Structures are given as C-alpha cells and as structure tokens.
Amino acid sequence: MKYLFKKEQLKFGFNMSQYVFRIGEIESMSGISARQLRYWESKGIIMPLEREDEQSGRIYPFKMFIRIMMIKTYLDQGNTLKNAVIRVDETQNFMRPTHDILSSAFHGLVYEEDMVYIDLGDFDTDGNQRLLAYQKKSGENQKVSYRIVDKEDLEESDE
DNA sequence: TTTCTGACA
DNA sequence: TGTCAGTA
C-alpha cells in the first residue's frame, strides 16, 4: 500500500476564511436586508469580522454567511427570530465537534491497486497500526468499511 | 457607489 | 423592519 498523499502534502485545500463579504453582498445572496443584518448584530446574533484596516464597512466571513442562511431557513419556516437563533445555535453546537473530529481524523489517502483508502491515523497507542476507511466499489451499498494495517506496510508517496 | 448611524413610522 | 437623511 502506498500513500497518494498525506494531509500535510495537501496542496489544493479550500480555506474558506479567505472569502469575506460586504453587507450588500450578503444582502443579495441571502435576501436578508442590510437593515435587518445590522439589527441582528445589535442583538448579538451575528458579528462582522474585526477589520485590520481602518475602513468602517462591515465584512462577514463565509461561516457567518452560513449562519445567516440557517437563521433565514428557520425564519421562513415560521419560527420567531429568537427561536430560529436557538435552533441554529443548537445545530452549530453539535456540528462543531463532528466537523472537528472528521477533519482531524483525516490523515491522508492510501491506495493499493485500484482501491483508495482514507488514512484515519493511529489505531493502537503504540502507533504501529493504522486505521483505514474505504467503500467497496460499484455496489449501491454505500456502507463504510474499515481495515487495520501495519504501519510498515505503508509506503510514502513518491514526491 | 456603498455603507454607516440615527430617527421616524 | 423599511425608508430617508446626511456622511465618509
């Protein structure tokens, strides 16, 4: 088995933090008026980014756009603003550990013949074994399977 | 042009 | 929340 690449060799990751939006952009993307966004801010529901330059216009990170869209979704379902925010906070609170665990669990991609595995890191405390996850090809069955391999069976990638 | 704050409805 | 005024 051989590494296609390891996490630290990943060259084409998307760091969404580089995408920020002005209030007018959020307004046209979300349908939430700028007036409304400023009102939400006054209630502590959303927060613009701290700007390093001395410009006064608000800028929002991509994550805040997601939050705004989630609030809007609950609002459109008939929730009050207060309840919409409570629901979004609940959702974000349980999504965070899920996201954190999944992103830190990813250690790289390994292949063997035509099979690709995700390296999920050390399986044992000694670090002699690696846990790999994969899906069987073809089948409609999307179940994830796991495989434990000895670390010495894993070759580094070529580069 | 866009955004900001404050005021009034 | 929408809208308007007067700015930066």
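Keep in mind that this is a model prediction, so the values were computed, not measured. In what follows, chains carry the letters A, B, and so on, assigned in the order in which the sequence lines appear, proteins first and then strands, with residues in each chain numbered from 1.
To the nearest 0.5 Å, atom CG of residue A:Leu49 and atom CD1 of residue A:Ile59 are 5.0 Å apart. Rounding to the nearest 0.5 angstrom, the gap separating the CG atom in A:Asp76 from the CD1 atom in A:Ile71 is 12.0 Å. The CE atom of A:Met64 lies 11.0 Å from the CD1 atom of A:Ile45; values are rounded to the nearest 0.5 Å. Remark: A:Ser33 OG to A:Ile26 CD1 distance equals 12.5 Å, nearest 0.5 Å.
Taken together through direct or relayed side-chain contacts under 4.5 Å among Ile, Leu, Val, Met, Phe, Trp and Tyr, A:Met69 and A:Leu81 form part of one hydrophobic cluster. No continuous path of ILVMFWY side-chain contacts below 4.5 Å connects A:Met1 to A:Leu4, so the two sit in separate hydrophobic clusters. No path of Ile, Leu, Val, Met, Phe, Trp and Tyr side chains, each step under 4.5 Å between heavy atoms, connects A:Leu102 with A:Leu109, placing them in separate hydrophobic clusters.
Contacts of A:Glu112 classified as side chain to side chain donor-acceptor pair (under 3.5 Å), with partners at least two apart in sequence or in another chain: A:Arg147.
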Tabulate atom names and distances for all N/O pairs under 3.5 angstrom spanning the protein and nucleotides 3-6 of chain C.
{"residue": "C:dT3", "atom": "O4", "partner": "A:Arg35", "partner atom": "NE", "Å": "3.3"}

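If you take OH of A:Tyr39 and P of B:dG6, they are 16 Å apart, rounded to a whole angstrom. One interatomic measurement links the two molecules: CD of A:Glu41 to C1' of B:dT3, which rounds to 12 Å at whole-angstrom precision.
The neighbour count for A:Phe106 CZ, taken as heavy atoms of other residues, nucleotides or ligands under 6.0 Å away, is above 12. Heavy atoms of other residues, nucleotides or ligands lying less than 6.0 angstrom from OH of A:Tyr39 number 12 at most.
Within residues 20-30 of chain A, the residues that place at least one heavy atom under 4.0 Å from DNA chain B are, in residue-number order, A:Arg22, A:Ile23, A:Gly24. For the segment residues 57-65 of chain A, residues with any heavy atom less than 4.0 angstrom from an atom of DNA chain B are, sorted by number, A:Gly57, A:Arg58. Within residues 70-86 of chain A, no residue has a heavy atom under 4.0 Å from DNA chain B.
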- Message: For A:Asp89 and A:Arg67: C-alpha separation, side-chain torsions, deciding distance, then whether salt bridge (Lys or Arg N to Asp or Glu O under 4.0 Å) applies.
- Response: CA-CA 9 Å; A:Asp89 285 342; A:Arg67 179 172 170 81; 2.8 Å; yes

- Message: A:Tyr74 vs A:Ile86, test: side-chain contact (heavy atoms from CB on, under 4.5 Å). Steps then yes/no.
- Response: CA-CA 10 Å; A:Tyr74 285 119; A:Ile86 288 172; over 6 Å; no

- Message: Set out, in order, the CA-CA distance, both residues' side-chain angles and the distance that settles side-chain contact (heavy atoms from CB on, under 4.5 Å) for A:Leu132 and A:Phe123, then state yes or no.
- Response: CA-CA 9 Å; A:Leu132 307 181; A:Phe123 180 70; over 6 Å; no

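Pairing each heavy atom of A:Lys151 with each of A:Gly127, the nearest pair is CD-O, 3.1 Å.
Under the 30°/60° scheme for interplanar angles, the aromatic rings of A:Tyr134 and A:Tyr117 are found to stand perpendicular.
With the 3.5 Å cutoff on both pairing distances, Watson-Crick and G-U pairs in DNA chain B assemble into runs of at least 3 at B:4-9 with C:1-6.
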